[in-house]
Amino acid sequence: MIQYAVLIVDDDVKLVKLLQTYFEKEGCLVYSTTNGLDALQVVREQKPDIMILDLMLPGLDGLDVCRRIRKDNDIPILMLTARDEERDRLVGLEIGADDYVTKPFSPKEVVARAKAILRRTNKEVVRSGLIIAGKLMIDLERHQVTKAGLVLELTPTEFKILELLAANAGRVYSRLQIVEQTQGHTFEGYERTIDAHIKNLRRKVEINPKEPQYIQTIYGIGYKFASETNE
């Protein structure tokens, strides 16, 4: 399955969530925002592979966003617009958008158009550094974890532990092994602090920390990341 990062920019929150669901079903990492200024920041910081951009945005509209991005960035752009006038579509294409979809549309069509653009621009990618488990996405390249599209704030140690377990789903690690693999050294008393890190991780990544689906305890041994979840 093709896995890539997509940025959805639209002030219709329900529409954003709907599109996010469809893209995530395709194994995509999804960023979203409801305004143009935030979109510019996401493009700079997260470097998504494609942007789904609504023309009718509050403040900085989609055409202005497209103009600014095209000054120094060649990210593929798929425009969304409720406007039927040909002029608006032509302006968007002239300033650098790659294609457009007119509202109302099918979410499946948007996903298909996005894939077509990536193929056409030779930017279709497989993100080998992306681990997907249920609603959890671990982007090893960006050092970022999202749950249902929301970015989680993990400490460096928490990320290292999650990366170790998730990249080796199903394998059981003792506390000592986790320390050695994530810290590179051991010292007295440190093993039990792994329990504290695991507790914090579960609070952030699990739907219900008291009934963990991802990070499971193997009593008397240590922990493992579930190879399958119930989500």
Side-chain angles (χ1 to χ4, degrees), residues 1-8 16-17 19-33 42 45-49 111 124-231:
M1 181 179 293
I2 297 168
Q3 299 171 345
Y4 56 93
V6 55
L7 168 60
I8 302 173
V16 169
K17 290 183 177 179
L19 288 175
Q20 178 175 331
T21 298
Y22 275 80
F23 275 104
E24 288 183 344
K25 285 181 180 178
E26 294 293 316
C28 301
L29 176 63
V30 179
Y31 302 100
S32 65
T33 181
V42 174
E45 296 180 355
Q46 305 302 334
K47 298 179 175 57
D49 300 300
V111 173
E124 188 171 70
V125 295
V126 175
R127 290 186 172 269
S128 58
L130 186 64
I131 300 172
I132 302 174
K135 296 182 179 180
L136 197 67
M137 293 189 182
I138 307 167
D139 191 327
L140 305 182
E141 294 179 0
R142 292 185 172 89
H143 210 268
Q144 184 179 78
V145 180
T146 61
K147 181 173 70 175
L150 299 176
V151 178
L152 304 180
E153 296 295 333
L154 303 186
T155 67
T157 297
E158 289 168 357
F159 185 88
K160 287 181 180 179
I161 293 173
L162 182 61
E163 177 184 1
L164 172 68
L165 297 178
N168 300 278
R171 176 179 173 180
V172 180
Y173 283 87
S174 68
R175 294 177 180 83
L176 179 58
Q177 287 174 322
I178 294 175
V179 172
E180 292 175 339
Q181 293 285 332
T182 61
Q183 303 300 312
H185 58 84
T186 60
F187 53 90
E188 185 178 358
Y190 192 86
E191 285 183 56
R192 285 297 169 180
T193 65
I194 292 298
D195 293 339
H197 290 307
I198 293 293
K199 181 178 180 180
N200 289 334
L201 267 175
R202 283 174 171 165
R203 179 172 53 81
K204 296 175 181 179
V205 306
E206 302 284 358
I207 302 300
N208 180 2
K210 294 182 179 180
E211 298 180 1
Q213 295 292 311
Y214 299 114
I215 304 174
Q216 300 179 348
T217 300
I218 306 301
Y219 292 99
I221 303 177
Y223 300 98
K224 75 172 184 177
F225 193 90
S227 55
E228 295 183 2
T229 69
N230 294 327
E231 293 185 17

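Keep in mind that the numbers below use all heavy atoms, side chains included, and drop hydrogens, waters and symmetry copies.
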Let me see the working for Y31 and E45 under side-chain hydrogen bond (donor to acceptor under 3.5 Å, both in side chains), right down to the final yes or no. CA-CA 11 Å; Y31 302 100; E45 296 180 355; over 6 Å; no
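- The salt bridge (charged side-chain N to carboxylate O under 4.0 Å, His left out) search around E158 returns K204, not counting sequence neighbours.
- Considering L152, L201, I131 in turn, L152 is the only one that fulfils the side chain to side chain contact (heavy atoms under 4.5 Å, CB included) rule with V145.
- In this structure, Y4 and F23 have perpendicular ring planes: the angle between them is above 60°, well past the 30° mark.
- Proximity of a side-chain donor or acceptor of Q213 to a complementary backbone N or O of A226 within less than 3.5 Å is not detected.
- The two residues T157 and H197 make their nearest non-hydrogen contact at CG2-NE2, 3.6 Å.
- Between Y173 and R171, the closest heavy-atom pair is OH-NH1, 3.2 Å.
- Remark: K17 pairs with no residue by the salt bridge (charged side-chain N to carboxylate O under 4.0 Å, His left out) rule, at least two apart or across chains.
- Atom-to-atom distance recorded for S174:OG and E180:CD is 7.0 Å, nearest 0.5 angstrom.
- The distance from atom CD1 of I215 to atom CD of E206, rounded to the nearest 0.5 Å, is 6.0 Å.
- Y223 places none of its side-chain heavy atoms less than 4.5 Å from the side chain of I161.
- When all heavy atoms are compared, the tightest approach of L164 to Q181 is CD2-CB, 3.6 Å.
- Once rounded to the nearest 0.5 Å, the distance linking CG of L165 with NZ of K160 reads 14.0 Å.
- In this structure, the ring-ring contact (aromatic ring centres under 6.0 Å, His included) partners of F159, at least two apart in sequence or on a different chain, are H143.
- Across all non-hydrogen atoms, the minimal contact from A148 to Q20 is O-NE2, 3.0 Å.
- At least one side-chain heavy atom of T21 sits under 4.5 Å from a side-chain heavy atom of K25.
- Distance check: L7 CG to D49 CG gives 11.0 Å after rounding to the nearest 0.5 Å.
- Judged by distance alone, the side chain of R142 and the main-chain N or O of Q46 form a donor-acceptor pair under 3.5 Å.
- L136 contributes atom CG, which lies 5.5 Å from atom CZ of F225 (distance to the nearest 0.5 angstrom).
- In terms of heavy-atom proximity, P212 sits nearest to P209 at CD-O, 3.4 Å.
- Nearest approach of P48 to V6, heavy atoms of both residues: CB-C, 4.4 Å.
- At a threshold of 4.5 Å between non-hydrogen side-chain atoms, the residues M137 and E24 count as touching.
- Rounding to the nearest 0.5 angstrom, the gap separating the CD1 atom in I194 from the OG1 atom in T182 is 5.0 Å.
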